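In what follows, a structure is listed as structure tokens, so that the remarks can point back to it.
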Amino acid sequence: MSGRHARRRRVPVAALGAVLAAGTIAGLAARAVTVGGGGGPARPAEGGADRASGPLRGPPPVRLDSAGAAEPLRGRIVIHGTGDVSLDPGYIPAFAVHGYGYAWSGLGGLFRRDDLTVVNLECPVTTRRAPVPKEFVFRCDPAALPAMRRAGVEVANLGNNHAYDHGPEALVDSLVHLRRAGIAPVGAGRDEREALRAARFEVGGWRVAVVGLDQVVDPYPEAVAGPAKPGTAAGHDQASMLRAIRAADRWADLVVVTIHWGVELDTEPRAEQVALGHRFVRAGADVVFGHHAHRLQPMSAHRGRPIFWGLGNFVWPALSAEGATTAVARVVVTPDGRVRGRLLPASIQDHGHPVLR
């Protein structure tokens, strides 16, 4: 939910260990990475420099119950993130046979039991047909959205290289259809300001902001939003990305960034991605969900904030063993600021049908 709130201290995550290699998916289920509690940086001043890392002085905020005992104002929350999702019935004909619930039926209700789920929706949600001149052009069916919402998805990132596949009017359609379905769109908008705006939620006493970004705009840079033009956020404009994260950080206790970046088929992030991800954290990001490579990549951390470099395919055709190997990013935040970050292993066992392993 959005609105005006008094500013308050944040309780961010602290040091996160262990890198989980993308190629060793079989061992992921048993490998959780725990972060120490009590840590946290100060908020940046309005328009100020990147925030510093370091411990927050004093205990987490509490209130007194009817018996006078202290209880935390913030509860335990769980956030999930995924890679690429396609609800294009032409690309995944299995939906015509099994229905759109098939996309989510292999997850055991995982997203319904959490507090927030963020997916990368790799197509405009529209009935319009106005394909732009590209090799691959996708189009999602608006009829697929109710099943997606029932599965527990709250946020859809449109900041990717397919949200503009049918032009500006279809992209605006996507915003309308998603909101009507109760799913918050991020990463795209009617203009660049809306495209960079975070979706805001209050869950378990935490204020969570989700920022969507799209760095993969080639070979169609016309997809980037402008001052008076619909499109995605923010192309190669890293300064705009950082401003969006800082703006979200001024309101939120936790900032989640979901970004389309990197190079297809890479199994590790490139140096420029690593540098940018670290800048995101210094600007205020607490979690980074990356996607686009169509391959699962490692999870690591910077200043104690988890970065999932590439979450691979998710609701996608099973085109190869490598492309069908995937995972769900899971982030758990406890009242004292502790965080557990892990990858939950999954595989795409049939076209458009990921199954948790």
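Here the structure is a predicted model, which is why all the values come from computation and not from measurement. All values below were derived from every heavy atom in this structure, side-chain atoms included, with hydrogens, water molecules and symmetry-related copies excluded.
- Classification of the Tyr102-His98 ring pair by plane angle, with boundaries at 30° and 60°, yields parallel.
- For Arg193, the CZ atom is loosely surrounded, since the number of other residues' heavy atoms within 6.0 Å does not exceed 12.
- The closest donor-acceptor contact from the side chain of Arg113 to the backbone of Phe111 lies at 3.5 Å or more, if one exists at all.
- Between the side chain of Thr232 and the backbone N or O of Gly159 there is no donor-acceptor pair closer than 3.5 Å.
- Side-chain contact annotation: Arg128 with His166, donor-acceptor N/O pair under 3.5 Å absent.
- Exactly one residue among Leu116, Asp115, Asp114, Val333 makes a side-chain contact (heavy atoms from CB on, under 4.5 Å) with Val203. That residue is Asp115.
- Between the CG atom in Leu196 and the CG atom in Leu213 there is a gap of 7.0 Å [rounded to 0.5 Å].
- Between atom CZ of residue Arg207 and atom CG of residue Leu254 there is a gap of 11.0 Å, rounded to the nearest 0.5 Å.
- A donor-acceptor contact closer than 3.5 angstrom links the side chains of His260 and Glu122.
- Taking CZ of Phe138 as the reference point, atom CD1 of Ile92 lies at 8.5 Å (rounded to 0.5 Å).
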Check against side chain to side chain contact (heavy atoms under 4.5 Å, CB included), Cys140 and Leu121 = CA-CA 9 Å; Cys140 287; Leu121 187 59; 4.1 Å; yes

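- Atom CD of Glu169 sits in a sparse spot, with 12 or fewer heavy atoms from other residues, nucleotides or ligands closer than 6.0 Å.
- Cluster annotation: Phe280 and Val216 are assigned to distinct hydrophobic clusters (Ile/Leu/Val/Met/Phe/Trp/Tyr, side-chain heavy-atom contacts under 4.5 Å, transitive).
- A distance of 6.5 Å separates CG in Leu171 from CG in Leu158, rounded to the nearest 0.5 Å.
- When every heavy atom of Trp251 is checked against every heavy atom of Val208, the shortest pair comes out as CZ3-O, 3.6 Å.
- Residues Ser105 and His353 form a side-chain contact, since some pair of their non-hydrogen atoms from C-beta on lies under 4.5 Å apart.
- Aromatic rings of His162 and Phe136 (six-membered ring for Trp) have centroids beyond the 6.0 Å cut-off, not under it.
- The minimum heavy-atom distance between Gly231 and Ala195, with the atom names listed, is O-CB, 3.9 Å.
- Under the salt bridge (Lys or Arg N to Asp or Glu O under 4.0 Å) criterion, Arg190 pairs with Glu194, not counting sequence neighbours.
- By the 4.5 Å heavy-atom criterion applied to side chains, Arg179 and Val176 are not counted as neighbours.
- Put simply, CG on Leu175 and CD1 on Ile183 are 12.5 Å apart, with the number rounded to the nearest 0.5 Å.
- No side-chain heavy atom of Trp316 sits under 4.5 Å from any side-chain heavy atom of Val85.
- Under the 4.5 Å side-chain criterion, counting only non-hydrogen atoms from C-beta, Arg330 is in contact with Val78.
- With Glu192 as reference, Pro227 is the one residue of Pro230, Ser240, Pro227 to meet the side-chain contact (heavy atoms from CB on, under 4.5 Å) rule.
- Counting heavy atoms from C-beta outward, Val186 and Thr258 have side chains that approach closer than 4.5 Å.
- The aromatic rings of Trp261 and Trp309 sit parallel, their planes meeting at an angle under 30°, below the 60° perpendicular limit.
- Val119 has its side chain out of reach of Val315: every pair of non-hydrogen atoms, C-beta onward, lies at least 4.5 Å apart.
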request  = Go through the steps for Ile259 and Phe289 under the test side chain to side chain contact (heavy atoms under 4.5 Å, CB included), then give the verdict.
outcome  = CA-CA 6 Å; Ile259 179 170; Phe289 295 140; over 6 Å; no

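- Across all their heavy atoms, Ala198 and Val211 have their closest contact at CB-CG2, 3.8 Å.
- Ion pairing between a basic and an acidic side chain is recognised when a charged N comes within 4.0 Å of a carboxylate O; Asp165 and Arg139 show no such pairing.
- Without hydrogens or angle criteria, Asp286 side chain to Val255 main chain gives a donor-acceptor distance under 3.5 Å.
- With contacts defined as side-chain heavy-atom distances shorter than 4.5 Å, the pair Pro133/Tyr220 qualifies.
- Applying the ring-ring contact (aromatic ring centres under 6.0 Å, His included) rule to Phe314 yields no partners; only residues at least two apart in sequence or on another chain are considered.
- Of all the heavy atoms in Thr334 and Trp206, the pair that sits closest is O-CZ2, 3.5 Å.
- In plain terms, the two heavy atoms of Gln297 and Pro269 that are nearest each other are OE1-N, 3.6 Å.
- Atom CD of Glu264 and atom CZ of Arg295 lie 9.0 Å apart (nearest 0.5 Å).
- Using a distance-only test at 3.5 Å, with no hydrogens or angles considered, a donor-acceptor pair links the side chain of Lys229 to the main chain of Glu222.
- Under a hydrophobic-cluster definition in which Ile, Leu, Val, Met, Phe, Trp and Tyr are linked whenever side-chain heavy atoms come within less than 4.5 Å, directly or via other members, Leu87 and Val172 are assigned to different clusters.
- Under the 4.5 Å side-chain heavy-atom criterion for Ile, Leu, Val, Met, Phe, Trp and Tyr, Val355 and Phe95 are members of distinct hydrophobic clusters.
- Residues Asp141 and Tyr100 bring a donor and an acceptor atom of their side chains to less than 3.5 Å of each other.
- The side-chain heavy atoms of His80 and Val118, taken from C-beta on, include no pair separated by under 4.5 Å.
- What you find for Thr326 and Asn313 is that their closest heavy atoms are OG1-O, 2.5 Å.
- Side-chain contact of Asn160 with Asp214: a donor-acceptor pair under 3.5 Å is absent, judged by distance alone.
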